[in-house]
Amino acid sequence: FKSAKGAWPAIWLLPFDTINGKWPNGGEIDIMEHLNHDTIAYQTVHSYYTLNLGGHDFPPRFGTPQIDREGWNEYGVDITPDSIAFHTNGVISHVYPRIDSLEHQFPFYIPQYILIDMQLQGGWVGEVNPHELPAIMEIDWGTTLHTPLEYGFIHYSEYHLYHKTILACIGNYTAQVSQQSHSRTFC
């Protein structure tokens with residue numbers, strides 16, 4: 001593991017439908033985001049409701065579970081018609097419920113794809129410290145489990161990743177990012 005100031009690794013979901021589910025209308029589910037050298041991860045939902053209708057506090061849209069920066073961490077998300085439940089190291093770390101009376105509040109129960117990436121520098125994470133590069137993401141394993149929609153779960157009903165300090169990837173995927181090249185190396 002090697003983190004860096006200005007490193008922002010993330011594991012997140014976006015809808016396959018880019019017409020009806022165009023961002024932020026179809027939502028975004030951040031299974032894990034990590035900033036700099038923090039000892040917490042961010043697990044957040046974004047939608048038209050949270051970004052444009054002032055719904056960023058009700059219901060609470062994010063959790064910040066403690067993580068083991070020097071070890072491996074497991075992240076997961078369960079998406080049902082009634083809630084999104086985030087997991088960290090086998091414990092439910094945040095639940096975002098569906099509230100039917102709130103318009104545009106829960107667009108998340110649709111097929112989605114996963115993104116695993118690391119950004120360097122940005123408004124939220126700050127400037128990158130080039131002396132701390134490269135930042136390295138390591139992923140031991142990942143899996144998706146799904147139940148048919150008629151049983152009440154979306155295709156990505158559960159997604160767990162073991163995460164060493166700032167991020168983990170699927171299988172043998174390792175990414176190294178340097179300020180100069182923004183390169184990615186695949187094992």
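The structure displayed is predicted, hence computed values, not measured ones.
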Can Met32 be reached from Leu35 by stepping across I, L, V, M, F, W or Y side chains whose heavy atoms are under 4.5 Å apart? no
Ignoring hydrogens and geometry beyond distance, is a side-chain donor-acceptor pair present between Asn73 and Asn89 at under 3.5 Å? yes
Hey, what do you get for CD (Glu33) to CG (Asp117), rounding to the nearest 0.5 Å? 9.0 Å
Tell me whether Phe62 shares a hydrophobic cluster with Ile92, the cluster being built from Ile, Leu, Val, Met, Phe, Trp, Tyr side chains joined at under 4.5 Å. no
Between Asp57 and Pro60, is there a donor-acceptor pair closer than 3.5 Å when you use the side chain of the first and the backbone of the second? no
Any donor-acceptor pair under 3.5 Å linking the side-chain atoms of Trp8 with those of Asn36? no
Tell me whether Phe106 shares a hydrophobic cluster with Tyr49, the cluster being built from Ile, Leu, Val, Met, Phe, Trp, Tyr side chains joined at under 4.5 Å. yes
Heavy-atom closest pair (Tyr113 atom, Pro15 atom, distance to 0.1 Å) is CE2-O, 3.3 Å
If we only count heavy atoms from C-beta on, is the Pro59 to Gln105 side-chain gap below 4.5 Å? yes
For Tyr48 and Glu103, does a side-chain donor sit closer than 3.5 Å to a side-chain acceptor? no
Ring geometry between Tyr96 and Phe108 (parallel below 30°, tilted from 30 to 60°, perpendicular above 60°): perpendicular
Does Pro107 reach the side chain of Ser47, with side-chain heavy atoms less than 4.5 Å apart? yes
Do His104 and Asn25 pass the side-chain hydrogen bond (donor to acceptor under 3.5 Å, both in side chains) test, and can you show the C-alpha distance, the side-chain angles, and the key distance before you say yes or no? CA-CA 8 Å; His104 304 289; Asn25 298 339; over 6 Å; no
Report the distance from atom OG of Ser3 to atom CG of Leu133, rounding to the nearest 0.5 Å. 10.0 Å
Looking at NZ of Lys5 and CG of Leu120, how far apart are the two atoms once the value is rounded to the nearest 0.5 Å? 11.5 Å
Within the side chain of Gln121, is there an N or O that forms a donor-acceptor pair under 3.5 Å with the backbone of Val128? yes
In terms of side-chain heavy atoms, does Glu28 have a donor or acceptor partner in Trp23 at a distance below 3.5 Å? yes
Does the side chain of Asp17 come within less than 4.5 Å of Ile110's, by heavy atoms? no
Do Val91 and Pro65 come close enough that some side-chain heavy atom pair is under 4.5 Å? no
For the student: nearest non-hydrogen atoms of Leu51 and Pro24, plus distance: CD1-CB, 3.7 Å
Heavy-atom side-chain contact between Val95 and Phe86 under 4.5 Å: no
Of Ile79, Val45, Asp30, Ile84, which meets side chain to side chain contact (heavy atoms under 4.5 Å, CB included) against Leu13? Ile79
Any side-chain heavy atom of Asp100 within less than 4.5 Å of one from Arg98? yes
Met118 versus Ala7, closest heavy-atom pair with distance: SD-CB, 4.2 Å
Give, for atom CZ of Arg61 and atom OG1 of Thr44, the distance between the pair rounded to the nearest 0.5 Å. 6.5 Å
Heavy-atom check, side chain of Ile29 versus side chain of His46, under 4.5 Å: no
Quick check against the 3.5 Å criterion: does Asp38 have a side-chain atom that pairs as donor or acceptor with the backbone of Ile40? no
Out of curiosity, Glu74 CD to Asp68 CG, how far, rounded to the nearest 0.5 Å? 13.5 Å
Any donor-acceptor N/O pair, Gln43 side chain to Ile31 backbone, under 3.5 Å: yes
Kindly state whether the ring of Tyr42 and the ring of Trp124 have centres lying under 6.0 angstrom apart. yes
Keeping the roles fixed (side chain from Gln112, backbone from Phe16), state whether a donor-acceptor pair exists under 3.5 Å. no
